[in-house]
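Just so we're on the same page: letters track the sequence lines, and every chain starts at 1. Just so you know, these numbers come straight off a predicted model, no measurement behind them.
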Amino acid sequence: MSNEEIKTNFIHDIIDADLASGKRTQIVTRFPPEPNGYLHIGHAKAICLDFGTAEKYNGKCHLRFDDTNPEAEDEEYVQAIQDDIKWLGFDWGENLFWASNYFDQMYSYAVELIKKGKAYVCELSQEAFKDYRGIPTEPGKEPPGRQNTIEENLALFEKMKNGEFEDGACVLRARIDMASPNLHLRDPALYRIKRAHHHNTGDTWCIYPMYDFAHCIEDSIEGVTHSMCTLEFEVHRPLYDWILQTLEIFQPQQIEFSRLNLTYTVMSKRKLLELVNEKLVDGWDDPRMPTLCGMRRRGFTAAAIRNFCGILGATKVESISEIELFESIVRDDLNETSPRAMAVLDPIKVVLENYPEDQTETFELPNHPKKEELGTRTVPFSRELFIERNDYIDVPPNNKYKGFFVGREVRLRGAYLATCTAVEKDADGNVVFIACTYDPKTKGGSAPDGRKVKGTIHWVSAKHAVDAEIRSYDRLFTEENPLADKEKDFKEFIDPQSLEISTAKIEPVLAQAVPSSRFQFERIGYFCADLDHTPEAPVYNRTLTLRAPRK
RNA sequence: UGCCGAAUGGUGUAACGGUAGCACAAGCGACUCUGACUCGCUUAGUCUAGGUUCGAAUCCUAGUUCGGCAACCA
């Protein structure tokens with residue numbers, strides 16, 4: 001696998017300039033997940049940028065849980081998020097932080113804002129405030145309470161904190177500009193009353209800071225120099241800056257980049273949740289999901305995901321990347337690293353009529369055609385074998401056909417050359433078994449007389465074969481962009497064939513593999529032993545097929 | 001009709017005033033004990049119009065198109 005070079009991008013240009021000018025002398029970034037769901041490949045892009053940038057500049061990247069909304073968040077996600085980041089190969093070391101650990105500090109900053117006349121308690125209902133905020137093309141109106149004295153606001157805010165108001169009775173607002181063309185500057189809410197049990201602070205607080213107030217302060221406290229986020233926060237940046245400037249505290253620079261979108265998938269947390277809730281997939285770690293746990297179960301590698309994110313880079317252009325690029329990078333990685341083995345997915349029996357009935361022999365086959373260091377494995381061979389049904393045909397369609405037809409000699413990979421002599425069919429014309437003769441002088445697969453054969457096919461010895469459940473996964477949706485059609489629900493575009501379960505004949509080493517091990521099933525694709533896999537009941541997930549010409 | 005942002009082959013990106021390059025995709029071919037891998041070749045791009053300049057994808061102006069923004073979510 002090529003090491004995932006961090007390409008330069010516009011963010012690094014900014015950092016280079018900041019370092020050159022002396023504005024910054026060290027680089028601190030952060031990845032700030034809200035513990036309210038599982039990480040997906042879109043998050044991986046952010047993780048690679050945040051951690052990758054810190055790595056590139058010998059800086060630090062903090063992992064900070066942005067746990068400011070206890071209603072939405074849950075402890076269950078905290079460990080899963082950490083596991084996923086570690087799996088991707090990043091390490092935050094000692095730098096694990098929680099927004100909730102700053103609640104005291106945030107509260108005093110809010111008090112400070114009030115003292116500066118820059119915040120006030122507003123008793124307008126959420127609904128009523130909409131009226132005052134106005135619409136983009138027209139200025140808003142001054143809400144009642146905006147002219148409260150500092151003392152009044154201080155007292156009211158304290159009451160808010162002390163639980164003297166009902167949930168939603170009032171909020172603390174920044175006093176900025178009710179006529180601003182940027183709606184986020186029309187006196188945004190800073191604190192809301194919400195009696196919810198917090199996983200970290202318990203019932204200490206009944207008021208919680210809003211994202212806009214909390215996030216910039218978290219970054220500032222931690223000395224983050226470059227705070228990267230996605231494009232939709234662009235219009236929040238003036239507020240981010242306003243809060244820190246008004247508070248006169250350390251000011252990180254917020255830099256926005258575009259989200260990762262992929263063809264044939266959806267990325268929004270809400271939509272993924274719909275798939276899970278409606279049981280259209282088998283949970284968050286369904287191998288068709290773009291979640292990191294799903295992709296891991298599918299057999300995709302962390303290196304491929306990192307490499308992919310690195311190749312995509314970062315820009316401010318809204319884009320949708322082709323899944324083909326990701327798949328190509330996965331294949332590159334898996335081709336290098338996966339041991340080979342043989343499995344027959346659609347078996348049909350071959351009988352080598354001149355091979356002794358009770359004989360069994362074994363072959364030591366290399367696990368990788370180009371990497372000797374991956375070693376060899378023992379593969380048993382006997383008179384009856386399984387081969388793929390489509391490796392026999394009555395009449396070859398073209399001269400590229402590799403398989404058997406009557407009279408055709410092919411190579412049984414790593415074993416012998418064999419010639420098809422006859423085929424046995426049932427009343428309906430279905431092939432029951434194929435009769436062949438093998439050439440004992442071709443042991444190992446090459447003929448002493450130097451004759452060439454057109455094809456090499458894979459096989460499994462019938463009496464040694466183990467039945468395995470194969471879960472063949474494919475792209476979840478039939479449309480490149482399942483969200484493009486506004487008339488239809490994206491779930492209508494789910495491909496019913498995105499999971500097909502079958503039973504295969506696999507060679508013994510594949511049964512013995514431990515869960516999560518990856519193989520290339522020769523001539524078929526890349527497979528990964530599922531979490532459910534046991535030697536007695538093997539289960540393999542298809543990660544990807546081998547590259548194949550389009551049908 | 002307000003504000004913010006973005007426009008380079010089919011897709012994702014690079015070029016930082018000096019030969020528009022790379023990868024994926026697509027097509028053709030070679031090689032092959034995997035129709036894989038590998039290798040060779042081909043197709044294809046600077047949103048438009050002006051301007052500055054010896055020279056513009058890059059700077060300026062105007063326009064066009066696309067995206068985001070009106071949670072007590074993040």
Between B:rG51 and B:rA57, how far apart are the two P atoms, rounded to whole Å? 15 Å
Below 3.5 Å, does any donor atom in the side chain of A:Lys194 face an acceptor in the base of B:rC72, or the other way round? no
Of the listed B:rG68, B:rU34, B:rC72, the closest approach to the A:Arg192 side chain comes from B:rC72
Using a 4.0 Å heavy-atom cut-off across all strands, classify A:Asp13 as base, sugar-phosphate, or nothing. base
What's the closest nucleotide to the A:Lys370 side chain, out of B:rC37, B:rC73, B:rC4? B:rC37
Between B:rC66 and B:rC73 - P atom distance, rounded Å: 33 Å
Quick check for you: to the nearest 0.5 Å, what is the distance between A:Leu312 atom CG and A:Phe308 atom CZ? 4.0 Å
Quote, to the nearest angstrom, the P distance that separates B:rU48 from B:rU58. 10 Å
Heavy-atom count around A:Glu372 CD within 6.0 Å, excluding the residue itself: above 12? no
Donor-acceptor pair under 3.5 Å, A:Gln520 side chain vs B:rU34 base: yes
Can you tell me how far C1' in B:rA20 sits from the matching atom in B:rG9, rounded to whole Å? 11 Å
Identify, with sequence neighbours excluded, every residue that meets side-chain contact (heavy atoms from CB on, under 4.5 Å) alongside A:Pro136. A:Leu183
Checking ring-ring contact (aromatic ring centres under 6.0 Å, His included) for the pair A:Phe381/A:Tyr438: CA distance, chi angles, key distance, verdict? CA-CA 12 Å; A:Phe381 185 87; A:Tyr438 84 112; 7.0 Å; no
Options B:rU13, B:rU34, B:rA74, nucleotide nearest the side-chain atoms of A:Thr315: B:rU13
Using the C1' atom as the point on both nucleotides, what is the distance between B:rU13 and B:rC31, in whole Å? 32 Å
Students often get this wrong, so: under 4.0 angstrom with heavy atoms, is A:Lys316 touching a base, only sugar-phosphate, or nothing? sugar-phosphate
Specify the glycosidic conformation (syn or anti) of B:rA71, with syn defined as within 90° of 0. syn
Please list every stem that involves RNA chain B, where a stem is a run of 3 or more consecutive Watson-Crick or G-U wobble pairs with both pairing distances under 3.5 Å. B:2-7 with B:64-69, B:10-13 with B:21-24, B:26-30 with B:38-42, B:47-51 with B:59-63
On the nucleotide B:rA74, are OP1 or OP2 found under 4.0 Å from the side-chain N or O atoms that A:Thr68 carries? yes
Quick one: does any side-chain atom of A:Tyr401 pair with a main-chain N or O of A:Ile393 as donor and acceptor, under 3.5 Å? yes
Within the modelled atom types, does a donor on one side and an acceptor on the other bring the side chain of A:Glu322 and the base of B:rG10 under 3.5 Å apart? yes
Counting side-chain heavy atoms from C-beta on, which of B:rC24, B:rC72, B:rG5 comes nearest to A:Gln126? B:rC72
Name the nucleic acid region contacted by A:His236, choosing base, sugar-phosphate or nothing; use a 4.0 angstrom heavy-atom cut-off, strictly under. base
Phosphate oxygens OP1/OP2 of B:rG35: is one of them under 4.0 Å from a side-chain N or O of A:Arg523? yes
Is a donor-acceptor pair below 3.5 Å formed from side chain A:Asp167 to base B:rC72, judging by atom type as modelled? no
For A:Tyr211 and A:Asp66, does a side-chain donor sit closer than 3.5 Å to a side-chain acceptor? no
Looking only at atom P, what distance separates B:rC59 and B:rA14, rounded to whole Å? 15 Å
Expressed as a whole number of Å, how far does the P atom of B:rU8 sit from that of B:rA15? 14 Å
Separation of atom CD in A:Glu232 from atom C1' in B:rC3, rounded to whole Å: 17 Å
Could you grab the distance from atom OG of A:Ser338 to atom CZ of A:Arg340, nearest 0.5 Å is fine? 6.5 Å
Scan side-chain atoms only and decide if A:His458 and A:Glu522 contain a donor-acceptor pair under the 3.5 Å cut-off. no
For A:Phe233, report the nucleic acid contact type (base, sugar-phosphate, nothing); a contact means any heavy atom under 4.0 Å. base
With sugar-phosphate meaning primed atoms plus P, OP1 and OP2, does A:Ser446 contact a base, only sugar-phosphate, or nothing at under 4.0 Å between heavy atoms? base
